[in-house]
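Here is the structure we will look at.
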Amino acid sequence: MSQKINLRVWLKIPDAEAATVKNTLVRRMGFGDVLYDVLKERLFSIEVDSGDPQELAKGFAKELVNENKESYKVLIDELRFEDEYVPVLVSLKIEDGEAISTQERLRGRLGFTSVVNVKKATIWKLYLHGVDRVARAKEIAEGLLINPHKDAYEILGE
Amino acid sequence: MLFELIGILQRCTQLNIIGLADSDVESNLRGAGIGMSVQEARSIAEVLGRDPTITELFCYDAMWSEHCSYKSSRATLKEFMPTDGPNVVMGPVEDSGIVAIDDKWCVVISHESHNHPSQILPNEGAATGIGGIVRDVNCMGATVVATADPLRFGDPYGPKASKVRWVAEGVVDGIWQYGNALGVPNIGGDIVFNESFDDNCLVNVVSLGIVRRDQIIRSRAPPAAGEGGYDVILIGKPTDASGLGGVTFASEALREEDEETNRGAVQIPDPFLKNVLFKANDDLFRLVREESVEIGFKDLGGGGFTCAASEMGAAGGFGMEINLDDMHKAGDFPPEVLSIAETQERFLIISPVHLREKILKIYNEDWDLPNVYEGARASVVGKINSGNRFVVRHKGEIVCDVPIQHLTGGIRYQREERPRTFNLVEPETQEAADYNAVLLKILKSPNIASREHVYRYYDTEVMGNTVIRPGEADAGLIAPVRGEKFGVAMSVDSNPFYGRISPYWGGATAVAEAMRNVAAIGATPSTITDCLNYGNPEKPEAFWEFREGVKGLSDSCKQIWLKGYENQPVPIVSGNVSFYNESPQGSVDPSPVIACVGIIKDIGKAITQELKAAGDRLYLIGPRFDELGGSEYYRTIFNTTGANVPIVRFDLERRMIYAVIDAIDEGLLASAHDISNGGLACTAMEMALVRPAKFGLDLELDNAADAGMRTDKLLFSESSGFVLEARPGREGRLVDLLRSYDLEPMEIGKVSRKRRIVMKRAGVTVADLDLDEARLAWTSGLVEAMR
Amino acid sequence: MKIAVVQFPGTNCEYETLVAVKAVGMDGEIFRWNRSAGELSSFDGYFIPGGFSYQDRVRAGAIASKEPVMQALTEEAAKGKPIIGICNGFQILVEAGLLPGTGKVEMALAQNVMVSNGKIVRRGYYCDWINLRHEAPPRRCSGSFLMERGSLFKIPIAHGEGNLVTSTPKLIEMLNDEEQVVFRYCDKNGRVINEFPVNVNGSTESIAGICNPEGNVLGMMPHPERAFFAWQLPAFDPRKQRPDEPGPGRSVFESVKRYIEVNA
């Protein structure tokens, strides 16, 4: 029976990349009136075919999360996000070499043989005012967060 | 006044020491998270005449750590090391040493370790290592022009292989991700794998800068600072809690169960902010020149704000008052955190008040730090005075008020030494029947194989100064000033296998090899730096190893001489001591990692190691001795260490180095490669295997040793020497030149058009390898070891 | 003749690029990102040098492409002035829609993938000297104005994201047909082999540089400023023995100069 372990990982220290994205959206792209904050998470979705998912998740986190500067949360077979922002999931639509390397590392060097698939994504958490939040989130995704020739995006919980 | 001061002090948190039993003091200290000894704490209370505050104890703890104060090592360094010379502009007194290239230009060099952090968090640890070292060089007013990373990892095929590979991969990633983004080329470095590094990797880093002699900036409060009430200006990243206690952590042995807590002591580096800061610093240097004023400038590294500020004040002979409320910070942190956190990407300026607005404008407006990195900026945080106290205020309270010279003076320990004794024997070995197989196995060994897999991750070309890049020769070479013909060469070296057998010869051979390396491209050794990586100095055996190493490397510097100055040592202008490289499983092999800087007057004369033309004659200098202790051959083929470690015959070594430099200067050589790991066999093969790998070798070994020497010893002895490819038609002159240095050139064969490596002795073919098969073995060894 | 070398926070090749600009006899200066963008109109040509603008945040070139200086450069490009983007500069031009030149983002420079015999042998950042073949006819493109079609160049690359990919139908065909492919990776004899190490980053059809339809805007991954003098060449290149001679990258800068003279 296969299960999907989702690791949501975020920085405990200020996220310079999210700050830059916000800065560009507000100062350069005219979203100042609707956008009041941007945060970011890394998401690992790791499919396993056996084992206790909570225990495995701890082992994965030891390898994938830099506890010096990051925190994480484990979700098994589900992916929930808080209501106050629009979560935009951005992933590579071309082959994701880093995800493949991560999978090889988990399986090979670290001996997590139950791992059958690893996917990586970035979750942009867009804190937006107004009623057409999803429409604005799409504009932001297409205008800055992705290059459609290599990335795909998805507004989660839509 | 005094009464008032005591009144204020009592309102902030003090730690009770006076009048308490040792055990209570101990538990108070540990309870507060302070690592210093009870004795040290008592001596501080005595000098202050009261119980110290928490902030004071944290400041002392950082400043008196091994890392900042060299408390165990200083006496030994002073006893043996030559630090002065005719070319020395600044010895090891500030963050970097400086030697002259000519009347106008100087090289700035610094050498550090980032071992512990890299073992815990390889990526950040290695990146921070580069980040710190380039600040050390930049703060002398220099342009940072090169870095190099000597790395030591555990056994990639041993019991801890997966951890070892995780560390190795992370370290290499950290180096390229930081260095490439910063925009400083990586022109050298080395990697050695050995099981003594299984739990303690070594990540050393060397950085070079270039500065005009009349534009050097000092890391001290300038002479007018006290009377002028100069500003203390902090620039860069907002202070946070990262790297808290980094120096204390670097001064303790690593235990696996502490890993989680130790992670908090690793700093978070940011090459992007650093890149912008460096450019802003250039504008600061320009401003200072235009205004003809002297400032003090220093980077914040180990010991954080307190270390940089107090050392600059103390070096100028002044006191200072700091207000932590004026510091830009990433949150509300207690004063001891703000004082000693090792937040990266920060510098401190001590400058006249009339420049204040101009300096703030450079950082806060021209280079727009607040918009480049959230919370980054330049802030005036204090003032220099003509007193002698280091006073820190926080939220209206005085949290620290101590004699500044006492704080920076540190303490000294006379450590005990005792020779480490263990049984070393030379093995009884059978000469190999199939040399082809032996050669292929050695070529593929992780310690011999091509380093290309790693250095392709490094930007070796940025700045456009690179003349000789990693893999092309024994040393890297840059031409750092456009319009000038001179070049600056750098090489790093240290062989832990030799150090294990003899820490003295480990030190001596490291210096000799690093010098041979720069000589092999035609550069003259100009200065040495060292990063001395040893175990716990409180253990007499480890301290003995350290002293032996220092003696050995100092003797090489003293005996090989600065070329052109008889009896004058090659000076050691910078260095670092890294103790406590040990875990409960034991300490690392003695590793005095040496960097040698060489100068060549005309980069057009520099040569590399790849064979140039079929038919060229090859010469060996440096007789072969039965010195296979610690050799690649013993280790890879017989899995043993042996006892006969290569020694440095100082007089012979000097003559070889000088002769090679002169031969290259005269244009007699087409290529050259020094003999080290893997002996004559690997040295010669590498000349054929390195790109473009167009030619083979026809070696006739009869001249290389007496007939009595076994062929395997001849091929794999790691006694020092060089293999030289003569330029056609210049052989006679080359032989004359070598003889004028009292050297006996041994002709050992020719470059061949056939793509084969052939070795013959007494008419018998010893080995006959296909060049491409050899190249495959040589280029795949490291890839497999790091997979 | 005055050239602006545009500097973003994180750019790290501006100084050597300026050296090259001046060495072929053009005036030039470094133009910091927060200067008034309007001042750009007083220049005759532009280089966007390599580095990590904004630390490659979001993806290489994305943030810089939204800066006011890029708006201004779009206007200058429309006037036919030459703009050369090198490495990160190329990435910025793609993200800004200046290349391939429709005003839209038509392609991406994705993470390197080194493929040999159908297997991925390596990924990520790579620094080495490689060979380039000039694909366009002479005078087609500002930055290769003086180069013959088929001429070969030894030049260094140093990037992690130079793998040209596109999902725009027929884009590659159009680039080929319109002679907008300026450089391809090749071996030392000029053969294009779509496999590592000749195709060093997995780029579609080994494309290393392209220009816009008008030819005035050029983006290239390799670094001509690092191959400007013969002494910069790798050890095994025979020209290294003549250190004072020009290096292969010099012709990019001379081409820009000539292009400006001809179009003045």
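Every chain is numbered from 1 and lettered A, B, ... according to where its sequence line falls, protein lines coming before strand lines. Remember, it's a predicted structure, so these values are computed and weren't measured experimentally.
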Using a cut-off of under 4.5 Å for heavy-atom pairs, which of [options] has the most such pairs with chain C?
options	value
B:Thr466, B:Leu182, B:Thr608	B:Thr466
B:Lys485, B:His453, B:Glu452, B:Gln177	B:His453
B:Val276, B:Ile468, B:Asn275, B:Asp368	B:Asn275
B:Glu610, B:Lys279, B:Gln609, B:Lys694	B:Lys279

For [X], is it the side chain, the backbone, both, or neither that has a heavy atom closer than 4.5 Å to a heavy atom of chain C?
X	result
B:Arg691	both
B:Phe278	neither
B:Asn180	both
B:Glu365	backbone

Chain B contact via C:Arg57 - side chain, backbone, both or neither, heavy atoms under 4.5 Å: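 Side chain of C:Arg57 only, per the 4.5 Å heavy-atom cut-off to chain B.
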Part of C:Pro156 lying under 4.5 Å from any heavy atom of chain B: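 For C:Pro156, the contact with chain B is made by the side chain alone.
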Contact winner vs chain B - C:Val19, C:Asp56, C:Thr11, C:Asp244, heavy-atom pairs under 4.5 Å: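 Looking at each option in turn, the highest pair count goes to C:Thr11.
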Pick from C:Arg35, C:Arg122, C:Glu225 with the largest number of heavy-atom pairs that fall under 4.5 Å of chain B: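 Between C:Arg35, C:Arg122, C:Glu225, the count favours C:Arg122.
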Are B:Arg482 and C:Tyr15 in a cation-pi contact, defined as NZ or CZ under 6.0 Å from the six-membered ring centre and within 45° of the axis?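 Judged by the rule (NZ or CZ under 6.0 Å from the ring centre, within 45° of its axis), B:Arg482 is not positioned above C:Tyr15.
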Taking only Lys NZ, Arg NE, NH1 and NH2, and the carboxylate oxygens of Asp or Glu, determine whether B:Glu472 and C:Lys240 approach each other closer than 4.0 Å.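 No, this pair does not count.
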If we check side-chain contact (heavy atoms from CB on, under 4.5 Å) with C:Gln55, which of these qualifies: B:Asp270, B:Val372, B:Leu273?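 So, applying the side-chain contact (heavy atoms from CB on, under 4.5 Å) to C:Gln55 and each of B:Asp270, B:Val372, B:Leu273, only B:Asp270 qualifies.
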Examine distances only and state if a side-chain atom of C:Arg32 and a backbone atom of B:Asp366 form a donor-acceptor pair shorter than 3.5 Å.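 At least one qualifying donor-acceptor pair exists.
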Side chain C:Asn12, main chain B:Val184, donor-acceptor under 3.5 Å: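 Side chain of C:Asn12 to backbone of B:Val184, a donor-acceptor pair under 3.5 Å: no, none is there.
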Could you check B:Thr460, B:Asn465, B:Asp459 and say which one makes a side-chain hydrogen bond (donor to acceptor under 3.5 Å, both in side chains) with C:Arg226?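 Testing C:Arg226 for a side-chain hydrogen bond (donor to acceptor under 3.5 Å, both in side chains) against B:Thr460, B:Asn465, B:Asp459 leaves exactly one candidate, B:Asp459.
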